[in-house]
Each structure stands twice: as C-alpha cells, then as structure tokens.
S.K.: 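Okay, handing you the structure first.
Just so we're on the same page: letters track the sequence lines, and every chain starts at 1. The structure presented is a predicted model; accordingly, all values stated were derived computationally and were not measured.
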There are 4 protein chains.
Amino acid sequence: MSLRERKKEKKINEIMNSAMGLISKKGYHATTMDDIASELLMTKGSLYYYFKDKEDLVFYCTKQLLGESIQQAEEIERLDVNSHEKLHKAIVVHMEYLLTERSGFEIGSKPRSFFSGEKLDHVVKLRHDYASCMDRMIEEGMASGEFEQGDVKVKRNLLLGAMNYSISWYSLSGPLDITETAHKSAEHLMKMFVK
Amino acid sequence: MSLRERKKEKKINEIMNSAMGLISKKGYHATTMDDIASELLMTKGSLYYYFKDKEDLVFYCTKQLLGESIQQAEEIERLDVNSHEKLHKAIVVHMEYLLTERSGFEIGSKPRSFFSGEKLDHVVKLRHDYASCMDRMIEEGMASGEFEQGDVKVKRNLLLGAMNYSISWYSLSGPLDITETAHKSAEHLMKMFVK
Amino acid sequence: MSLRERKKEKKINEIMNSAMGLISKKGYHATTMDDIASELLMTKGSLYYYFKDKEDLVFYCTKQLLGESIQQAEEIERLDVNSHEKLHKAIVVHMEYLLTERSGFEIGSKPRSFFSGEKLDHVVKLRHDYASCMDRMIEEGMASGEFEQGDVKVKRNLLLGAMNYSISWYSLSGPLDITETAHKSAEHLMKMFVK
Amino acid sequence: MSLRERKKEKKINEIMNSAMGLISKKGYHATTMDDIASELLMTKGSLYYYFKDKEDLVFYCTKQLLGESIQQAEEIERLDVNSHEKLHKAIVVHMEYLLTERSGFEIGSKPRSFFSGEKLDHVVKLRHDYASCMDRMIEEGMASGEFEQGDVKVKRNLLLGAMNYSISWYSLSGPLDITETAHKSAEHLMKMFVK
DNA sequence: GATGAATGAGGGTTCATTCAT
DNA sequence: CATGAATGAACCCTCATTCAT
C-alpha cells in the first residue's frame, strides 16, 4: 500500500472513530456531519471525499464494529476450553470492547431505521452471524451438559440486551473500572446458563 | 367528567400511544410530529392543541410509562410473598407491559438527550424510583438468604437491559406470545439471583 | 337601540380596547387573536363573531383612533382663539390622548403594511384629514402673522413624529405625569412655529 | 484581508442592507428571512451561513446603525464650534444617514420586543450612549447660554421622534431631496432650543 | 484533496381562520 | 352566541449534500 493510500486509510479510520464516538454518545440523528468533521478539525465537505454520504459512513462504522465483534467471538469459539469458559470470555470481551470504544449504538439494534437495500442486508447478515456464533456456544454448552436446556434465542437476546445496555449505565467515575465491570457482569450473566 | 373532557382525555391518550409506538419503533428523532399526527388522521398542527411541543408530548409519554411501571412494581413489592416470587412477578409484569404497549423507548435510558430543566429532573427521579424499587426487592432477597450476595446495582442494570431490549427482538409473528416470552425470560433471568 | 344591540356594542368596544392596548404595547404581529381574547376572558373563536378577521378588527381600531383625533382637532380648530393657542391645545390633547389610551400604534404610520383595498383608502383618507386639520391651523398662524413662514408639510411631519414617539419614551414611573408631559412638550414644540 | 474574506464581508453587508431596508419598510415581523434572501437572489438557508438566526442578523444591523450614529455624533461633539452649530449638524447628519440608508427602524425604539439577554443589554447601552451624546450637546448649549433652559430629556426625545419619523414620510418623489429635507428640518427643530 | 459557500428538503412551531356542537 | 377543536399556510431553522475554486 502506497504512502498515499495509507494516509487515506488512516483518515478514514479517524473519521469512523469520531463518528462512532459521537453517535454512541448523542445518537444517530443528533450527530451531524459537522460534529463529526469539526472534532477532527476538518470541514464537513471533506467527509464526502471519504464517504459517499452519511448512511455510507455509518454503514462502514457498523460493519467494522460488528465485524470485529464477530471475529473476536469466533476466535473465542475456536478456543480449546469448555463452553462455560468460552461464553464467559465472550461476554467479557464484548463488554470490554463496548465500554472501551463507547461505540455500541442504536444502529445495530434497529438497522431497518438506518439502512436499506444491500446495506441493510449486509448489516442484518452480520448481526445474524454474531448471534449465530453466540447461539453455537450456548448450544454447545447445552449439548455437553454444562448448560441447562432452554430456548436459545430467548437466552441469547436477554444476554445481548443485558450487555449492550451497559453503555448506558457504566460510568468511568463509578467504583468499578471497565475490566471489573465486565467480569462482574459476566459472572452474574453466566448464572443464566449453568445448571 | 363531562363528555367533552372525556373525549379530550381519550384523544390525548391516542396521541400518546401513537407517539410511543412510533418512537419505540423508529426512535425519537426519526419520528416526526407529522408521523404521529397522520397515524391518527390528524394534522400536525392539531397536536399542538394538546401538547405544547414535542418535548412536552414525549415527556408525558415517558412520565406515564415510568409512572405506571413504578406503580406496578411497588404493588408487587408490597405483596406478601417471598423475594423470589416478587422479583419474578416484577419481571413478568415489566415485560408484558413493555411488549403490549410497544413503548419502551430510548428516552427512558438517555433522558439527558431529550429533556432539560424540570422535566429532566422529573424523569431522572422517576427512573431512580423505579430502580430503587427493583433494588429493594433484590436486597430483600439477599437479606433473607434467598438470593446470592452481589453488587445490586450491576445486577439491576443487567436485568433492566435484558428486559428492555426485548422490545427490539420480540416479534408477534414468532413462536411465543407475549405472556410466554415474559415468563420464559423471567425464569432465565431469575437464575442470576438465586443461590 | 335594543338591549341586545347595546350589549354587542359594548363587547365590540371592549375588544377594540383590548386590541389597541396590546398592539400598542407589543406591536401588530406580536399580538395574537388569542392574546386579545384571553385578556377579556373570551376565546379566540368568539372574536370572529364581532369582527370578520384580524385586519377588520384592526381597521376599526385605527378608524376610531384616527376618527376621535380628527374630531378633537376639528373642535379645537373651531375655537375662537388665536392660532398659537389652537395649535398648543391640539398638541396637548393629542399627546394626552395618546399617552392615556396607550394606543398610538405603528398601524397609523405604515397603513400600507396592514390594509389593502377600501380599508387602505379609508385609513389614508383619515390620516390625510388629520394632517390637513393640523396644516390648516399652521397655515392660519402663518397667514395671521403669528407663526413664522415655512414649509408646512415638513413642520407638520416633524411635529407628528415628535408627538407620536412619546409613547415609546413616556414612563408612568417617571417624574412627570401625562398632563405635565403633554404641556411641557407642547411648549417646546410650539417654539418651532412662533416667530 | 484575503479575497475570500473580503467577499464574505461584502455579502454580510449586502444581507444587512437588505434586511435593514425591508425591516424599515415593512417592520420586523412582517419581514421574513425569505424576503431578505430573495431580494439578494439567495435562498433562505444561505442566510444562516452568515448569521446564526434572525435575531442575530437584526442585532448586527441595529448595532451597526447605532454604532455609526454614535460615532458621527461624537465626532460632531468634538468639533470646535458653538453648541448651535453642533446640534444643527448632528440633526442634519442623523437625518441624512437615516434617509439615505432607509434604515431607521422600530427595533431601535423597542429593543425589549426583539432582543434578550446580552444582545438586549448591548442595544440598550448603545441607545443610551447616543442619547447621552445628544444630551451633552444640549446641556452644553444651555450652560453656555446659547440654548434656553428646559427639561433635557423631554427635548431630546421630542427631537429624536421628529427626526426618526422622517423615514415614514420622506418621499424620494417629493419636491425636496434628502439634503434639503435634512437642512430644513434641522432649522425648524433648532428653534426648540434657541432662546 | 480541502474548503467555503450555497442549496433545498424537511421538521418544529405559530397562528389566523373555520366550523360543528 | 360561545367554545373547543381542527386546519393549513407560513415561518424559522437545521442539515445532508453538492460544487466551484
């Protein structure tokens, strides 16, 4: 990759980080292209050199976010440990990622409000992939007898909800740091699964 | 109450229901006053006869939602049953209410983005009241030895997140009806608390 | 006139007074039909029983205001005193009327912004009548040798401007009452005319 | 200053001139942002690139208007001539400025209806500064014996009213041009002051 | 590549006006 | 007659988007 391309790539990442931060803090509609640009000392217009439009920018953010989450989850899935440890680790990693990046946003949970056409399909697929990976871990645990039987989808959704909401209540100024919060939460949540 | 007043009251409720439904589906900013009005075959302007502005309308929605939730929870708190049954019932009722009204929305969880001044204070207080009621039930269970010890706030927040997210994934066309979903979820979630 | 008609007449006058007071205080556009009505403990809708529309209401206010001013001025014109006394008295009466009723408003000076068609013609005519009466008093003084010669129209306009502006600066809480203000002003202004 | 900046400055001035012209003709509320923009063949939205909102635009208009008036008046105050000549010149300059710019408007006289907070304070201060300068000239004349004694504030207000009203009656198609009108008026008005 | 400037669609809000009851 | 309710046009303002320089 040429120097120029690397510079562009870097810029793109900066923009996406700015966007994700702002959107997760203020919400999609309350975040303007101006907000995103001025955080980077750019002008609104420049963003359009890197992204076709706002939907595009947000799509790539969502894609990256979900993509990394999936990758992390799948790596964990492949670990040679029991289901309990896998799911526990998946929860910890998910929450640490969420709280560190401060970037789990509404977009993921209501894709139909933000995307259409191919982009919507893509996001839906990624969400599905992530959910499937979670489901497989849960099913594995049930099959091996580690976890109690039960409706996998319901359990997985309760789990996702519990984890994702943390971005709304976790406070840097609170008594727990991110790692502690993630681990405490994981321990509590795992009790939903074990026998 | 006169006929006129009852009609007005009814209209107000219709507007609030329309608003809550749309906002919980599309989000606050994506829901326009036009959307809300046209769902009721009214014109935008008419809404302003009943509510001072959009913030006002949403405030009363939030207030009613949280108010009723608190009332339900406090009634449950006063029941003469053990902590397990109380919390279980609270979860079921919360989820049934949420899924029936289709009205648990972002507003409750990020009041600072939507309200200011007295309205903000009021909503924050209501949220606090609801959380406190939950906390008391959890603490009671811990004190009586029914529940495992643990960080009450973290547990309560995980619980709230898990419950509230249901509005995003529950589907009327799915295999479970609302009551079943609520009960299943309650059983799963209660495992976080019991020894 | 029947009782009913007298009642109606009275109501009409109340409405006009309310309208004039508010408009002179807040301006035409900033005064809403609601403002006018609620000052009289009526509802907006009722006003339309008495006046076709806002323009109509304001037209009758203007007409009455200018009509009374003209009548007063013409009575003074007919007095059997010298021109100095006449003009002096005209100024005093004009200002007292203005400051008492608090009702000299923008409408009079920019009729073209508020009226059209016959109403505009009528108001323009009334304004002209009032100006003419002033002009005649001034001309009479010039003819009799009491007043210095000079451009009558310019003098009359300066005079009107000076008088009408008083509504902006006169304060009930100031050191002078209305009568004193009117007399002081008249004395100062008369110096523009005398030799 | 770069070309860009000069162009922007120019545009800002064009907008302010358009605004002042329309507002002095039709009044603040009757002048829409659309009116102002379309006179300059721009779209409404563009105005907001230059001014935060309507209040802001009008504030800067008022500020410039009053600011220049004060500067002119203070320069005249510093001239080494007698009070009569000073006040006479001040009147001429004020009226010429007013009639040339077509921009003396209601705003100045009822700032409380249009501004709030710091903007209001600023406008009130400017009005006070201008009035004070006038007052000093009048007092100087009284002290030197050129002018008759009398209530300075009342005289100044009558003077301001007479001058400012000219924008309502002066007509380019009339027999007098602006300079003639200003001079004639000044001569008439000065008679209020001299012994 | 970046920026300043312009645009236009659309959202929230106000208000004169109408009308059934 | 009066009122509550509804309407719709018009206004202020925002913001994603475009484009010449």
S.K.: Counting only Watson-Crick or G-U wobble pairs whose two distances fall under 3.5 Å, which nucleotide matches E:dG11?
M.R.: F:dC12
S.K.: Take C:L41 and D:D35, find for each the nucleotide of DNA chain F with the closest heavy atom, and name the residue whose nucleotide sits nearer the 5' end.
M.R.: C:L41
S.K.: With respect to the side chain of B:M33, which nucleotide from F:dC12, E:dT7, E:dG12 is positioned closest?
M.R.: E:dG12
S.K.: What is the distance, rounded to the nearest whole Å, between atom CG of D:D34 and atom P of F:dA9?
M.R.: 16 Å
S.K.: Taking only the side-chain nitrogens and oxygens of B:R4, find out if one of them lies under 4.0 Å from OP1 or OP2 of E:dT21.
M.R.: no
S.K.: Give the nucleotide from the list F:dT3, E:dG1, E:dT17 with an atom nearest to the side chain of A:Y49.
M.R.: E:dG1
S.K.: Once you apply a heavy-atom cut-off of 4.0 Å, does C:Y50 come out as touching a base, just sugar-phosphate, or nothing?
M.R.: sugar-phosphate
S.K.: For C:K10 and F:dC1, give me the distance from atom NZ to atom C1', rounded to whole Å.
M.R.: 16 Å
S.K.: If E:dA16 has a Watson-Crick or G-U wobble mate with both distances under 3.5 Å, name it; if not, just say none.
M.R.: F:dT7
S.K.: Check the distance between F:dT3's C1' and B:E5's CD and give it to me in whole angstrom.
M.R.: 13 Å
S.K.: Describe, in one word, how the ring planes of C:F59 and C:H122 are oriented to each other, choosing from parallel (under 30°), tilted (30 to 60°) and perpendicular (over 60°).
M.R.: perpendicular
S.K.: Within a strict 4.5 Å, meaning less than it, do heavy atoms of the D:Q64 and D:N13 side chains meet?
M.R.: yes
S.K.: Do B:K44 and E:dG12 share a donor-acceptor pair, side chain to base, under 3.5 Å?
M.R.: yes
S.K.: Please compare C:T32 and A:K11 by the position of their nearest nucleotide in DNA chain E and report the one closer to 5'.
M.R.: A:K11
S.K.: Which whole-number value in Å describes the distance from C:H29 NE2 to F:dC11 P?
M.R.: 9 Å
S.K.: Roughly, in whole Å, what's the span from CG in C:D53 to P in F:dA9?
M.R.: 17 Å
S.K.: Under the criterion side-chain contact (heavy atoms from CB on, under 4.5 Å), I'd like the reasoning laid out for B:F51 against B:I12: C-alpha separation, chi angles, the key distance, then a yes or no.
M.R.: CA-CA 9 Å; B:F51 296 95; B:I12 286 179; 3.7 Å; yes
S.K.: Are any non-hydrogen side-chain atoms of A:F114 and A:E55 less than 4.5 angstrom apart?
M.R.: no
S.K.: Starting at CZ of B:F51 and ending at P of E:dT14, how long is that distance when rounded to a whole Å?
M.R.: 15 Å
S.K.: Rounded off to whole Å, could you give me the OH-to-C1' distance for the D:Y48 and F:dC12 pair?
M.R.: 4 Å
S.K.: Evaluate the side-chain proximity of B:M42 to B:I36: yes if any heavy-atom separation is below 4.5 Å, no if none is.
M.R.: no
S.K.: Could you tell me whether A:S46 contacts a base, only the sugar-phosphate backbone, or nothing, with contacts defined as non-hydrogen atoms closer than 4.0 Å?
M.R.: base
S.K.: Measure from CE on B:M42 to P on E:dG12 and round the result to the nearest Å.
M.R.: 15 Å
